Protein chains: 2
Amino acid sequence: MKQKSGKSNLMPAEHIAVFGAPDEEKLFEMAELFKVFADSTRIRVLYAMFEQEMNVSQICEKVEMSISAVSHQLRLLKQSRLVKCRREGRKAYYMLADDHVKTIIGMAKEHIEED
Amino acid sequence: MKQKSGKSNLMPAEHIAVFGAPDEEKLFEMAELFKVFADSTRIRVLYAMFEQEMNVSQICEKVEMSISAVSHQLRLLKQSRLVKCRREGRKAYYMLADDHVKTIIGMAKEHIEED
DNA sequence: CAAATAGTTGAATAACTGTTCAAGTATTCA
DNA sequence: TGAATACTTGAACAGTTATTCAACTATTTG
């Protein structure tokens, strides 16, 4: 159950890596990305920004959560570089970082709507 | 902070729902789907089936996890209908349920490889 | 039938996550 | 400057999740 090295004896070596999984670090990053989307309130926070940038209070109203909870989630989203933030006076406007967010969410929506 | 009904006074009503978030249940299902992908060992288990169907022991070897741990994860993946299972004697062969799995994983991979 | 193989399952535990609460910073306004 | 607004942050708590362990079922082989 522990044999990291040593090639499989079932298949020629040149075939092994073709569809192989990415390395551990990449897998970890992929999982991290999915984790961000793995919470319905966080998806709602992202949806709040689909049309236009929003400040924290506006997001709070839209998703019906406390300022603190939203702020915590926004920090997470910012760390994952899924949203970016612009300051104007004492307000902080958040917006989607790129179209990837919409695409990924759209795919999940499609998937659950199918079959 | 609690005003579920009552239209926004910032925008004509017919624009409100266009990009609106799906209902709570759908959001929840979307989050559930992402949760399944939100674990690097589970992604590795899925990758193990990219080329061909595999029985549990083969998956264990490939991902270097205990039979029990893999079996638990496979149950989860089966419940989410991301994999399906075929029995042959005392062996249980698992395979990806459809191409959606590869597409979703591929998207995450692209995203983390960019920028 | 008994032993071995292949996998499943439930309970327990340890680690992680989301929300709240309380306290903090930063900016504007009077 | 003092009060109000708009957040941010850290700690704590409750709920969730992944792995392990032990016990179990099902199938095959001798």
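These numbers come from the heavy atoms of this one structure, side chains and all, not from hydrogens, waters or symmetry mates. Reminder, nothing fancy here: chain letters follow the sequence lines and each chain counts from 1. For clarity, every value in this text was computed on a predicted model and none was experimentally measured.
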Exercise. Got a sec, which residues hit side chain to side chain contact (heavy atoms under 4.5 Å, CB included) with A92(A), two or more places apart in sequence or on another chain?
Worked result: V56(A), C85(A), R87(A), Y94(A)
For this session: Spell out protein contact along nucleotides 24-30 of chain D as letters: B when the base is contacted, S when just the sugar-phosphate is, - when no protein heavy atom is under 4.0 Å; keep the 5' to 3' order.
Result: ---BBS-
Exercise. When you check the phosphate oxygens OP1 and OP2 of dA6(D), does a side-chain N or O of Y94(A) lie under 4.0 Å from one of them?
Worked result: no
Exercise. In whole Å, what is the span from the CG atom of L74(B) to the C1' atom of dA6(C)?
Worked result: 13 Å
Exercise. Mind checking what makes ring-ring contact (aromatic ring centres under 6.0 Å, His included) contact with F37(A), not counting sequence neighbours?
Worked result: F34(B)
Exercise. Can you name the side chain to side chain contact (heavy atoms under 4.5 Å, CB included) partners of K91(A), sequence neighbours left out?
Worked result: N55(A), Y93(A)
Exercise. If only side-chain N and O atoms of N55(A) are considered, is one of them under 4.0 Å from the OP1 or OP2 phosphate oxygen of dC7(D)?
Worked result: yes
Exercise. Sequence neighbours excluded, which residues qualify as side chain to side chain contact (heavy atoms under 4.5 Å, CB included) partners of K109(B)?
Worked result: P22(A), M30(A), Y47(B), E113(B)
For this session: Specify the separation, in whole Å, of atom CD of Q58(B) and atom P of dT5(C).
Result: 17 Å
Problem set entry | Residues that E110(B) engages under salt bridge (Lys or Arg N to Asp or Glu O under 4.0 Å), provided they are two or more places apart | none
For this session: Quick one: list whatever passes salt bridge (Lys or Arg N to Asp or Glu O under 4.0 Å) with E88(B), sequence neighbours left out.
Result: R86(B)
Exercise. Y93(A) near the nucleic acid: base, sugar-phosphate alone, or nothing, with a heavy-atom cut-off under 4.0 Å?
Worked result: nothing
Seminar exercise, completed: Between CD of E64(A) and C1' of dT20(C) the distance, given in whole Å, is 18 Å
Exercise. Where along nucleotides 9-19 of chain D does protein come under 4.0 Å, by heavy atom, of base (B) or sugar-phosphate alone (S), with - for untouched nucleotides?
Worked result: BBB-----SSS
Name each donor-acceptor pair under 3.5 Å that joins a side chain in residues 68-79 of chain A to protein atoms two or more places apart or in another chain, with its distance.
| unit_1 | atom_1 | unit_2 | atom_2 | d |
| --- | --- | --- | --- | --- |
| Q73(A) | OE1 | R42(A) | NH1 | 2.9 |

For this session: Decide, yes or no, whether a salt bridge links K26(A) with E29(A) under the criterion of side-chain N to carboxylate O below 4.0 Å.
Result: no
